[in-house]
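Some notes on the structure that comes next.
Computation of the quantities below employed the complete heavy-atom set of this structure, encompassing side-chain atoms and omitting hydrogens, waters and symmetry-equivalent molecules. First the proteins, then the strands, lettered A, B, ... as listed; each starts at 1.
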2 protein chains.
Amino acid sequence: MNQHLQPVISTASSRIYETLRRDLVGGRFAAGEKLAINALKEHYHVGLSPLREALNKLAAYGLLIQENQRGFRVPTLSRSELDDIANMRLELEGMAFERAIQHGDDIWEAELLAAAHRLKRADLSLEKGEEWEVLHSQFHRTLVAPCGSVWLLRFIEQLHDQFDRYRRLGPKMPTVRQTLDGQHHELVELALQRDSKAARALMDDHIHKSYQVALKRYQEHA
Amino acid sequence: MNQHLQPVISTASSRIYETLRRDLVGGRFAAGEKLAINALKEHYHVGLSPLREALNKLAAYGLLIQENQRGFRVPTLSRSELDDIANMRLELEGMAFERAIQHGDDIWEAELLAAAHRLKRADLSLEKGEEWEVLHSQFHRTLVAPCGSVWLLRFIEQLHDQFDRYRRLGPKMPTVRQTLDGQHHELVELALQRDSKAARALMDDHIHKSYQVALKRYQEHA
DNA sequence: GTCAGTTAAAAAATCGATTATTATGTATAA
DNA sequence: TTATACATAATAATCGATTTTTTAACTGAC
């Protein structure tokens, strides 16, 4: 029998990890905030052990700071760290995109088109909520997926989560960002044309514009 | 009173994390091995909770694989992953070294000389044990320390740990690696001369030679 | 009023035991 | 034999309670 048809049992620990990760990236905790473990336990309806295991993982991942004998806190935000993250995205995603264009096959092309389409549909519906966020990161993941380096992908993922802590500051995406959304389509175009030079240039520009958005939000945040 | 003079109390969790990290990097577990939590508990004389928290952190860090409802196992080794890790080291450490040479001040120069000297002393005593390993990673950390990017340093650290899983396979460093050790000195030279171009070239060569060593060990390992 | 020292409350870390899941072994039927 | 269902053992995950440490509140001396 196909084991994949059986319901996939996940642990409480992995579920709360994913929930907390989303909430941290989505800005539902204040930067620098100290996490009250008992409150979290109640709020998310989980036991202490799975919760602590999730917090430990998040700390190792970089979405929490763990302090000796005094629990966990949300990392603070700073202009210099935002610059760092954006610069690293420029380097790593540019590199990954170039490689993906070299190695990606026609299945990748299809997935790219599909991911871009799904994202655009979400755009049009103007609901830039959690759904858009998911499709957006899936799109960017797809762009670089066939780069050939597991570790590169891992680092990029991590940087995206960090970057989004800045980009998603403040109220929920009220601004229209026509330019950025339009670039998603262009990125696919250049990828299909296998024009890695132009593709990287556009990726650089895309990240730079995203950076501008994130920076603005960070500055308006204070 | 200066609080730094008080003894630093660390948690059982952070201690066992560091111990396990060293043992995983040092190859005291077989690749692919399933970790018997009860056995670990006994062997390291720790309770279940701190142990599990450490294992969770190590999984998030990439030194363990966590499988749904079936505990933790040591990641397997593969030629393709070794290549990936070495390539990423080339890119990231090269980048970081260049930046460090641009930003590093005279304090850095002093620390570089010190770190290189300590490493050389350990070399001469021919005891390439754990002590040499510590000095060696400290030396490499120092080389890139003032690169200006916290995230870059973080990724490099992670890659080093992964790389060492291959480099340190098999018996404890019986081979004499005159060339590699000599390059450490040359790297410092070029850094002091602020010759970032030549420095990066040498760093590339150094990593490539390290890769050859690791590859050989990996192949002899089977 | 301020500050060191003390005590009480809160929180973090850990422990011991329980529950849930997977892996193993065995008997039975095809 | 081979496969399948069932029972059993082993292990992972989680819970509830305890211990340890930190933080906050309090006290009294200067």
Problem - Between P of C/dA12 and CD of A/E53, the distance in whole Å - result: 17 Å
Problem - Heavy-atom side-chain contact between B/I37 and B/L55 under 4.5 Å - result: yes
Problem - A/R154 with A/E157: basic N within carboxylate O range, under 4.0 Å - result: no
Completion exercise
B/R73 atom CZ is separated from D/dA12 atom C1', nearest whole Å, by 13 Å
Problem - Whole angstrom value for the distance that separates C1' of D/dT14 from CG of B/L51 - result: 15 Å
Handout entry: Distance below 4.0 Å between B/R70 side-chain N/O and D/dT11 OP1 or OP2
Key = no
Practice task
Kindly say if B/K34 contacts the phosphate of D/dT11, meaning a side-chain N or O under 4.0 Å from OP1 or OP2.
Solution key: no
Practice task
Consider the side chain of A/T11, meaning its heavy atoms from C-beta on, and name the nucleotide among D/dA13, C/dA13, C/dC15 that approaches it most closely.
Solution key: D/dA13
Exercise for the section: Establish, with yes or no, whether the OP1 or OP2 oxygen of C/dA13 is under 4.0 angstrom from a side-chain nitrogen or oxygen of A/R52. Expected result: yes
Handout entry: Between C/dA12 (C1') and A/L55 (CG): distance, integer Å
Key = 12 Å
Problem - Distance, rounded to the nearest Å, where A/K41 contributes NZ and D/dT14 contributes C1' - result: 12 Å
Handout entry: Donor-acceptor side-chain pairing of A/N87 and A/Y211 below 3.5 angstrom
Key = no
Exercise for the section: Name the residue closer to the 5' end of DNA chain D, choosing between B/Q69 and A/L48 according to the nucleotide with the nearest heavy atom. Expected result: B/Q69
Handout entry: Protein-nucleotide distance (A/N56, atom CG; D/dA13, atom P), rounded to Å
Key = 15 Å
Problem - A/Y61 versus A/D161, side-chain donor and acceptor atoms under 3.5 Å - result: yes
Practice task
Please state how far atom OH in A/Y44 lies from atom P in D/dT14, giving the value in whole angstrom units.
Solution key: 17 Å
Problem - Along DNA chain D (nearest heavy atom to each residue), the more 5'-positioned of A/G47 and B/L35 - result: B/L35
Problem - Sub-4.5 Å side-chain heavy-atom contact between B/L92 and A/W151 - result: no
Problem - Atom-pair distance (CD1 on A/I37; P on D/dT23), nearest Å - result: 13 Å
